[in-house]
Amino acid sequence: MPGFERFGDLEREELKDVLDNGVLMRYGFEGMRNGHWKAKTLEMELKNTLESNYVQLVSNGTSAVSVALASAGVGAGDEVIMPTFTFVASFEAILMLGAIPVLVDIDDTLGLDAKAVEDAITSKTKVVMAVQMCGSMANMNALQAVCSKHNLLLIEDACQAIGGRYNSKPLGSIGDLGCFSFDFVKTITCGEGGAVITNNKDYYINADGFSDHGHDHFGNDRGAESHPFLGYNFRISELHAAVGLAQIKRLPEFLAVQKKNYTVLRDAISEIPEVTFRTVPDGGEESYAFLNFFLPNLDSARKTIDNFKENGIDACWHYYDNNWHYVRKWDHLKEAKSLFPISQEIKDALNILSDKTFTQSDHYIGRNISCLIKLSWTTEEVKARAFKMVQSIKASI
């Protein structure tokens, strides 16, 4: 998955251009930068790649989710439905705005189950947040239908899925807003960076200001700009944007390598009758950043991951026992362990998680193994890895 495996001359040239120019901030300093605008140029490239009218770069994927939510008017007391399988950034971004994360089950796509979403809707629900985990997607048609029926916003966290598509549209461009991460271990990286995309001009204007202290960005004098609303600092730097600008130009190359390596591994594992694969909804194509498959039960999944480690098969995870990506281990969320006081309303909502069970999610995550697809593998290394994986799985069933 990570583009850092393929750093080359293009990244170095873009970085050198920023350093030679001397302006590291994305805004202002027009007289010094001589027309060099890395963040603005990357936003234009992302508009084309992600087929969206508006793109706002931010400092990271977590801030992208918070900015997207805030731009759509989500805040204190609003409920945001999110999946039990995601990264901790999802609920962090919601809580930062004083909103309430409502966790619901996933299905065999490893994404939000539309029925579980509908069952969780209350008068306080404002957003359904689909998280396109591990390079693929939830059943977006079903989620769109639920959101349309109940007049809810649909926000896509596509931080792990750039390059994936659904019904001929890029992931991230399907909902009212989409979020991306360009951190060090994403398919394309800025080192640290993120983006909010939308076709709604008002949401874009809000994102543009909210991510930069509320600046309206009118005119060429930053000190004279007005502040229509409160904002924060979620800016990306020109250095980070420069790396991303080089990487976005190489995205087709990265996706092709991911697909090739993914296919070798999947073809080998598919010969094991007991193994099944995550469901990709009709009309969807993964980004091939991860290979996700199911073992018959929890015990065989645990044995498989242990055998992988013993045989030197790295970058594979059993998320059921993982502290970052599945609700089972999120004790700091369930116990509301905050450095600052949080509202009683949020405490009450989180307290529900302490005793809540997610049997359906356990059924899928407990049996799932997720394997990162690297760009740096040689053909021989991929074939050798496939052989080791097959032997390890067979020994675990």
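Residues take their numbers from the sequence shown, with the count starting at 1. Note that the coordinates shown come from a computational prediction; the quantities given were computed from them, not determined experimentally.
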CG (N48) with more than 12 external heavy atoms under 6.0 Å:
yes

So which heavy atom on A241 is nearest to which on L42, and how close?
O-CD2, 3.7 Å

Electrostatic pair R278-D108, nearest N-O below 4.0 angstrom
no

Hey, is E381 close enough to K374 for a salt bridge, meaning N to O under 4.0 Å?
no

If the threshold is 4.0 Å, N to carboxylate O, is there a salt bridge linking R12 and D9?
yes

Restricting to non-hydrogen atoms, name the atom on G61 and the atom on S181 that form the minimum distance, rounded to 0.1 Å.
CA-CB, 3.7 Å

Between E11 and R250, is there a side-chain N and carboxylate O pair less than 4.0 Å apart?
yes

Given the side-chain rings of F210 and Y232, with only the six-membered ring counted for Trp, is the space between their centroids under 6.0 Å?
yes

Transitively linked via ILVMFWY side-chain contacts under 4.5 Å: L177 with M96?
yes

What one should report as the nearest heavy-atom pair of A120 and T125 is O-OG1, 4.1 Å

Could you tell me if R6 sits above the aromatic ring of F254, with its cationic atom closer than 6.0 Å to the ring centre and no more than 45 degrees from the axis?
no

Assess the residue pair L112 and I106 against the criterion (side-chain contact (heavy atoms from CB on, under 4.5 Å)); give the C-alpha distance rounded to whole Å, side-chain angles, the decisive distance to 0.1 Å, and a yes or no.
CA-CA 4 Å; L112 277 174; I106 60 168; 5.6 Å; no

For a quick check under 3.5 Å, do D362 and Y326 share a side-chain donor-acceptor pair by atom type?
yes

Heavy-atom closest pair (G366 atom, H318 atom, distance to 0.1 Å) is O-NE2, 2.8 Å

Apply the salt bridge (charged side-chain N to carboxylate O under 4.0 Å, His left out) test between E285 and each candidate in R165, K169, K259; give the one that qualifies.
K259

Charged N to carboxylate O under 4.0 angstrom, E118 versus K149?
yes

Might you point out which heavy atoms bring A195 and A64 nearest each other, and give the distance in Å?
O-CB, 3.6 Å

Say whether, by atom type as modelled, one donor and one acceptor occur between the side chain of Q247 and the main chain of T189 under 3.5 angstrom.
yes

Do R328 and W330 form a cation-pi contact, if we require the NZ or CZ to be under 6.0 Å from the six-membered ring centre and within 45 degrees of the ring's axis?
no

Angle between ring planes, Y204 versus Y54, binned at 30° and 60°: parallel, tilted or perpendicular?
parallel

